[in-house]
Amino acid sequence: MSRLIQNRIGNTLLRLKPQPSILIKNLSTSPEPSLDDESSQSSHIWNVIIARAGGDSEDEVFHRLSNDPLCNRVTLSDTLLNKLLHRFRDDWRSALGVLKWAESRKAHKNHSPEAYDTAVDILGKAKKWDRMKDFVEKMKVDNTVTLNTVAKIMRRFAGAGEWEEAVNVFDRLNEFGLEKNTESMNLLLDTLCKEKRVERARSVLLELKAHIKPDAHTFNIFINGWCKTNRVEEALWTVQEMRGYGFRPCVISYTTIIKCYCLQCDFIKVYEMLSEMEANDSPPNSVTYTTIMSCLNSQKEFEESLRVAARMKRSGIEGDTLFNNCLIHTLARAGRVEEAERVFRDEMPSVNTSTYNSMIAMYCHHDEEEKAVELLREMESLKVCEPDVHTFHPLLRSCFKRGDVVEVGRLLKEMVTKHHLSLDESTYTFLIQRFCRADMCEWAYCLFEEMISQDIAPRHRTCLLLLDEVKKKSMHEAVERIEHVMRTVKLTAPVK
DNA sequence: ATAGGGTTAG
């Protein structure tokens with residue numbers, strides 16, 4: 001959205017009363033650095049760079065950064081550069097400006113190739129094909145194009161439906177000093193298959209196989225390609241073809257097919273395949289069981305899902321983190337809190353954010369918020385993994401349920417200032433809904449403006465809900481603003 | 001990027 005609209009929103013916000021200052025002040029603006037804290041110090045510098053790097057052209061960004069004394073004192077490590085590029089992954093002008101500035105800061109402009117690959121990826125994401133091609137030509141001269149670069153180009157082209165361009169890149173591999181071999185061929189085939197152009201991938205293979213030998217990966221790529229388009233017959237046929245080439249289908253081949261049967265809800269075939277794997281000496285692993293359980297969970301078949309987990313344990317396979325996360329989720333949904341706690345405490349050598357999220361959600365669901373908060377504090381002190389927006393969702397939900405909006409504000413502040421999280425589309429949508437329902441549409445409206453100023457498009461339904469509420473309250477300016485947004489912004493449909 | 005989570009829901 002244009003900066004013009006953003007300014008107008010800024011003015012609207014200034015006029016809006018009463019101001020729920022906790023939301024306005026804390027949600028969008030960067031957290032204030034606390035004293036004597038090294039990470040806050042660097043987060044301050046980060047915020048300064050970010051502020052300078054927003055701009056309408058890459059030259060503008062470049063000049064603003066170059067002329068800023070503070071920015072020029074920063075030691076610009078590869079890590080920092082990559083973090084900056086990641087921050088501007090949806091803003092190619094700023095990203096290129098930052099990169100240009102970074103180059104000018106180095107005497108012998110040799111940044112890690114990763115930065116250049118990211119730049120290529122950002123241009124591809126923005127579909128700036130000409131700029132991307134120019135960029136790659138420059139890299140070609142410097143001899144810095146790697147297979148990783150090529151992967152980014154191909155995937156961006158294919159992702160935008162320009163899969164002929166993806167094939168062209170493969171044809172030009174030699175120009176980039178790269179080889180046409182099984183690895184690079186597999187990359188092209190996988191790109192096409194992931195974009196559901198499996199037939200096209202087939203004809204590429206037919207054309208190339210006189211010169212390049214397929215390997216086991218090649219066939220797994222096709223099995224996946226067929227399964228993605230729900231053509232399990234062809235996937236099975238590919239297994240046969242694979243055997244014909246002297247490769248044994250592996251656990252990946254079978255798991256891919258099982259996933260396909262799962263999506264078809266054909267559990268007879270799922271269990272048949274499971275037995276076949278055991279018989280064929282490519283036994284199912286943790287991934288296979290997790291796949292099946294997740295699918296059963298989405299059907300709310302929690303007891304059956306637990307039987308699958310038991311089957312895995314019986315066959316002597318150790319669950320990894322993803323499996324145990326799934327198991328905890330299943331136990332929680334099946335109402336078996338103590339068992340979930342036991343898995344969490346005794347059976348997990350390593351945990352991640354999702355593990356905590358499942359446990360926190362479980363406690364909130366069973367109205368044991370003290371325990372949920374206790375786990376949040378544990379995350380903060382152990383620092384094994386950091387909370388994300390999903391960690392807070394169930395906690396926020398509980399506050400709304402209790403009608404404790406003060407606590408909602410406190411949690412939001414914690415998310416933004418302590419954990420540097422920015423609210424995403426679904427969080428905004430959820431909060432706006434709940435504030436409306438709590439008859440606090442002033443707060444909901446502030447979040448709405450907040451969302452727009454972050455360039456996050458609201459859902460059509462969210463606009464309608466809020467519009468209805470502000471009309472009831474006779475908030476005329478808000479009505480006008482929401483109607484304006486509905487006319488000018490491309491609204492998103494609810495995710496099904 | 002050769003295979004695998006969830007989610008705040010009246």
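Evaluation of the ring-ring contact (aromatic ring centres under 6.0 Å, His included) rule for A:Tyr271 yields no partner, not counting sequence neighbours. Scored by the side chain to side chain contact (heavy atoms under 4.5 Å, CB included) test, A:Lys83 finds A:Trp46 as partners (sequence neighbours excluded). Contacts of A:Glu233 classified as salt bridge (Lys or Arg N to Asp or Glu O under 4.0 Å), with partners at least two apart in sequence or in another chain: none. With sequence neighbours left out, A:Glu386 forms a salt bridge (Lys or Arg N to Asp or Glu O under 4.0 Å) with no residue at all. By the salt bridge (Lys or Arg N to Asp or Glu O under 4.0 Å) test, A:Lys196 pairs with no residue at all, sequence neighbours left out. The salt bridge (Lys or Arg N to Asp or Glu O under 4.0 Å) test applied to A:Asp117 returns no partner, not counting sequence neighbours.
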Got a list of side-chain donor-acceptor pairs under 3.5 Å for residues 258-266 of chain A, not counting sequence neighbours?
{"residue": "A:Gln264", "atom": "NE2", "partner": "A:Asn230", "partner atom": "OD1", "Å": "2.8"}
{"residue": "A:Asp266", "atom": "OD1", "partner": "A:Lys269", "partner atom": "N", "Å": "3.3"}

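Side chain of A:Asn325, nearest nucleotide from B:dG5, B:dG4, B:dA3: B:dG5. Closest contact between the side chain of A:Ser294 and the listed nucleotides B:dA3, B:dA1, B:dG6 involves B:dG6.
Rounded to whole Å, the separation between the P atoms of B:dG5 and B:dA1 comes to 15 Å.
B:dT7 atom P lies 13 Å from atom CD1 of A:Ile328, rounded to whole Å. Going from atom CZ of A:Arg437 over to atom P of B:dT8 covers 14 Å, rounded to whole Å. Between the CG atom of A:Leu263 and the P atom of B:dA3 there is a distance of 14 Å, given to the nearest Å. Here B:dG10 presents its C1' atom at 12 Å from NZ of A:Lys401, a figure rounded to the nearest Å. Counting to the nearest Å, the C1' atom of B:dG4 and the CG atom of A:Leu327 are 14 Å from each other. Between the P atom of B:dT8 and the CD atom of A:Gln433 lies a distance of 13 Å, rounded to the nearest Å. B:dT8 atom P lies 18 Å from atom CD1 of A:Ile432, rounded to whole Å. A straight line from CG of A:Leu296 to P of B:dG5 spans 13 Å, rounded to a whole angstrom.
In this structure, A:Arg342 does not pair ionically with A:Glu339, as no charged nitrogen and carboxylate oxygen lie closer than 4.0 Å. A salt bridge between A:Glu469 and A:Arg437 is absent, with no side-chain N of the basic residue lying under 4.0 Å from a carboxylate O of the acidic one. Between A:Glu407 and A:Arg410, at least one side-chain N (NZ, or NE/NH1/NH2) sits under 4.0 Å from a carboxylate O, which counts as a salt bridge.
You won't find any donor-acceptor pair under 3.5 Å spanning the side chain of A:Thr429 and the base of B:dT8, going by distance alone. Judged by distance alone with a 3.5 Å cut-off, a donor-acceptor contact links the side chain of A:Thr290 to the base of B:dG4.
Using a 4.0 Å heavy-atom distance criterion, A:Arg434 is classed as a sugar-phosphate-only contact. Note on A:Phe219: nothing from the nucleic acid sits closer than 4.0 angstrom, heavy atoms only. No engagement by A:Thr427 is indicated, since no non-hydrogen atom pair under 4.0 Å with the nucleic acid exists. At the heavy-atom level, A:His393 lies under 4.0 Å from base atoms of the strands shown. A:Asn224 comes within 4.0 angstrom of the backbone, heavy atoms only, and of no base.
A close approach under 4.0 Å does not occur between any side-chain nitrogen or oxygen of A:Asn285 and OP1 or OP2 of B:dA3.
Near DNA chain B, defined here as any heavy-atom distance below 4.0 Å, the residues from residues 166-198 of chain A are A:Asp190, A:Lys194, listed numerically. At a non-hydrogen distance threshold of 4.0 Å, A:Arg333, A:Asn352, A:Ser354, A:Asn357 from residues 330-369 of chain A come into contact with DNA chain B.
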